[in-house]
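Order of listing sets the numbers, starting from 1, for every ligand and every atom in it.
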Amino acid sequence: MIWEVPTIARKLADKIHGQVLEPADRDFDEARSISNGRFDRRPDIIVRCRDADDVRASVDFARQERLTLSVRGGGHSYAGNTVSDGGLLIDLSLMKAIRVDAESRTATVQPGVTCGELDHATQAHGLATPGPTVSSVGVAGAALGGGSGYLSRKYGLALDNLLSVDVVTADGRQLRASEHQHPDLFWAMRGAGPNFGVATSLQFRLHEVGPEVLTGQIIYPFDNGDELLRFFRGFIADAPEGFQCYPFMIRIPPIEPFPERFHGHPALDFVLYHLDPRAIDYVQPLRDLGEPILDIVGPATYESLQKSFDTGLPRGRRYYSRGHYLNELSDASIDTITTHTPGMQGGLTAVYLEPLGGAIGRVDSAATSFGERNARYSFHILAGWVEAADDDSVMAWAETFHAAMVPNATGGVYVNLLGDDEEDRVPAAYGENYRRLIELKTAWDSDNLFRMNHNIPPSA
Ligand SMILES: Cc1cc2nc3c(=O)[nH]c(=O)nc-3n(C[C@H](O)[C@H](O)[C@H](O)COP(=O)(O)OP(=O)(O)OC[C@H]3O[C@@H](n4cnc5c(N)ncnc54)[C@H](O)[C@@H]3O)c2cc1C
C-alpha cells in the first residue's frame with residue numbers, strides 16, 4: 001500500500017451516498033466475509049454503494065488511484081472472486097430494490113438482490129424467472145455468467161431472460177445495454193458480464209410459475225447406483241420441459257429423519273420439480289426403483305423449493321468446485337461416477353448432474369457470450385467440508401474424480417462453476433465465443449480494471 005487508508009477513504013467518502021469502510025470499522029470484517037470459507041481476503045477499502053452514482057464514483061476512484069477493484073454481489077463465487085487482498089471492494093449488497101411489473105411480466109432488479117428475494121417478489125404475482133437453486137446466491141452474479149435452475153429447460157438461463165442491463169463501464173460511463181442499445185456490450189454481459197462492467201440494474205422477463213409446483217426428493221442407497229442412473233438417463237430423455245430432476249450423489253448425514261443404519265453411507269438423491277403440482281403420477285416411476293431411504297414428493301410452493309438446499313450449503317464452510325459438460329450420460333460416465341462416489345470426502349460434499357437441453361439449447365450459441373448450449377448435462381463436483389486440516393484430502397479426491405471424468409466430457413465448463421485454480425479453463429468455458437470476447441474486452445476495458453473474475457485478458 002503506497003497511501004494511508006484513512007486519508008484515501010475520506011477522499012472517497014465525500015463522493016459516496018452509501019458507506020465507506022476502513023479496516024478499523026466495526027462492519028468491515030462482516031462486509032469482507034464471503035460464502036466460501038477458504039478465502040479470507042482483506043481489501044483496503046470497502047464501499048457499500050447505495051446507488052449507481054456510488055458505483056460510478058468508486059469505479060472512477062479505483063481506476064484513477066490504480067487500485068485493485070473487486071465487486072461483490074451475493075458473495076457466492078466458488079473461486080473467491082468476490083473480494084481481493086488489498087484494493088477497493090465495491091459492495092452492492094445494500095442495493096436491493098425490486099420492481100415487478102405484472103402486466104408486462106418484467107422485473108427490474110438492483111444488483112444486491114439475492115435469488116430468494118427475487119423469487120419472493122415475483123411469486124407474489126405467480127411469476128418467476130429462471131435462476132439458481134440456493135436462495136442466497138446473487139441474482140446479478142449468477143445471471144451475468146449464466147444462471148440455471150429448475151425452470152431452465154422450459155424458460156432458458158437467467159441471462160436468456162435479460163432484457164437490459166444498466167452498466168458502469170471501466171471508463172466510468174453509465175450505459176444501458178440491450179438488443180438495441182450497445183448490443184455488443186449486451187452480448188458480452190450475458191455470459192462474461194463481470195469482465196465488462198458493474199451491473200447496477202437488470203431487467204428480466206418473467207413467466208407464470210406456481211405458486212404451487214410439484215417438488216420432492218427420493219433418496220436411495222447408492223449400492224445399485226449404476227442401475228438408478230441408467231434408468232434416470234432414459235426417463236429424462238423423454239421428459240417434458242416443465243419437469244426437472246437432478247440426481248445428487250451424497251453421503252447420508254447423521255440427522256433426523258434418516259434412519260441410523262444409513263448415516264454416513266453414500267446415496268443417490270433424485271431432487272425433482274414439476275411445473276404441474278398434480279403431476280404425481282408422472283414421477284411415480286422414480287419412486288418405484290427400490291426401497292427408498294426417504295421419499296418426500298408432493299405439492300409445495302416454488303419459493304420453498306428454491307430454498308430447499310439452503311441449509312445443506314452453509315455460509316463460511318470450505319468449498320471446492322469442479323465442473324464438466326457431458327454430451328450424454330454414457331455407460332462410461334456412469335461407471336466413473338459409481339467408482340468415485342463411494343470414496344466421497346467432505347461432510348458437505350455433493351456431486352450432481354443437471355440435465356440441460358430444451359430452451360437452453362434453442363438459443364443460438366452466438367446470440368450471447370455464454371459458452372455451451374448443446375450439452376445434455378452439466379456435471380458438478382461440489383466438495384464441502386469444515387476443517388482446514390482436511391483441505392488436501394478432500395481436494396485431492398475431487399481432483400481425481402474430475403480427472404477421471406475428462407474422457408466422458410465435452411471439454412467445456414459452465415463458467416460459474418470454475419474453481420479458483422482453473423483460470424486456464426476460461427477459454428474452454430466460452431468456446432467459440434472466446435475470440436470475440438477478447439476483442440470486446442480490449443475495446444471496453446483495455447487496462448483490465450475488471451479482473452477479479454474468470455478473467456478474459458485484453459490483447460496487449
Ligand atoms: C451455494 C451455491 C449454489 C449455487 N447454485 C447455483 C445454481 O443453482 N445455478 C447456477 O447457475 N449457479 C449456481 N451457483 C453459482 C453462482 O451462480 C455463481 O457463483 C455466481 O457468480 C454467484 O454470484 P454472487 O453475486 O452470489 O457472487 P459474487 O461472489 O458476489 O459474484 C460472483 C462474480 O460476479 C461478479 N459480480 C457480482 N455482481 C456483479 C455485478 N452487479 N456486476 C458485475 N459483476 C458482478 C463478482 O465480481 C464476481 O466476479 C451456486 C453457487 C453457490 C456458492
Numbered in order shown, the ligand 1 atoms found under 4.0 Å of a heavy atom of T82 are 28 (P), 29 (O), 30 (O)
Ring-face cation contact, F61 with R63, 6.0 Å cut, 45° max:
no
Against heavy atoms of V134, which atoms of ligand 1 measure under 4.0 Å?
3 (C)
In terms of its nearest heavy atom to atom 23 (O) of ligand 1, the top option of C115, G141, S35 is G141
Nearest protein heavy atom to atom 26 (O) of ligand 1, by residue and atom, and its distance?
G138 N, 2.8 Å
Between L417 and ligand 1, is there a nitrogen or oxygen pair with a distance under 3.5 Å?
no
Atoms in ligand 1 with a heavy atom of A140 nearer than 4.0 Å:
41 (N)
Would you check whether T133 has a nitrogen or oxygen atom less than 3.5 angstrom from a nitrogen or oxygen atom of ligand 1?
yes
In the protein, which heavy atom is nearest to atom 42 (N) of ligand 1, and how far is it?
A199 N, 2.9 Å
The atoms of ligand 1 lying under 4.0 Å from a heavy atom of N81, numbered in the order shown, are 49 (O)
Atom 6 (C) of ligand 1: closest protein heavy atom, distance to 0.1 Å, is P132 CB, 3.6 Å
Among protein heavy atoms, which sits nearest to atom 52 (C) of ligand 1, and what does the distance come to when rounded to 0.1 Å?
Y78 OH, 3.3 Å
Are G75 and ligand 1 in contact, using a heavy-atom cut-off of under 4.0 Å?
yes
Do me a favour and list the nearest non-hydrogen protein atom to atom 1 (C) of ligand 1 with residue, atom name and distance?
L313 CD1, 3.7 Å
Within the 4.0 Å heavy-atom shell around R72, which atoms of ligand 1 are there?
30 (O)
Checking heavy atoms under 4.0 Å, the part of L92 that sits near ligand 1 is side chain
Is the Y319-Y78 ring centre distance short of 6.0 angstrom?
no
Are F309 and F248 near enough that their ring centres are under 6.0 Å apart?
yes
Which residue holds the protein heavy atom closest to atom 34 (O) of ligand 1, what is that atom called, and what is the gap in Å?
P194 CG, 3.6 Å
Just jot down the ligand 1 atoms closer than 4.0 angstrom to any heavy atom of A142, in number order.
17 (O), 20 (C), 23 (O)
N453-ligand 1 polar pair, N/O distance under 3.5 Å:
no
Does G197 come within less than 4.0 Å of ligand 1, judged by its heavy atoms?
yes
Give the contacting part of T200 toward ligand 1: side chain, backbone, both or neither, where contact means a heavy-atom distance below 4.0 Å.
neither
Using ring centroids (six-membered ring only for Trp), state whether F401 and F379 fall under 6.0 Å.
yes
Between ligand 1 and G147, can you find any atom pair, the residue atom being a heavy atom, that is separated by under 4.0 Å?
yes
With a cutoff of 4.0 Å, is S148 in contact with ligand 1, counting heavy atoms of the residue only?
yes
Using a strict cut-off of 4.0 Å, indicate which atoms of ligand 1 neighbour a heavy atom of P111.
41 (N)
When F232 is tested against each of Y246, Y352, F270 for ring pair (Phe, Tyr, Trp, His ring centres under 6.0 Å), which residue passes?
F270
Nearest protein heavy atom with distance in Å, relative to atom 11 (O) of ligand 1:
Y414 OH, 2.6 Å
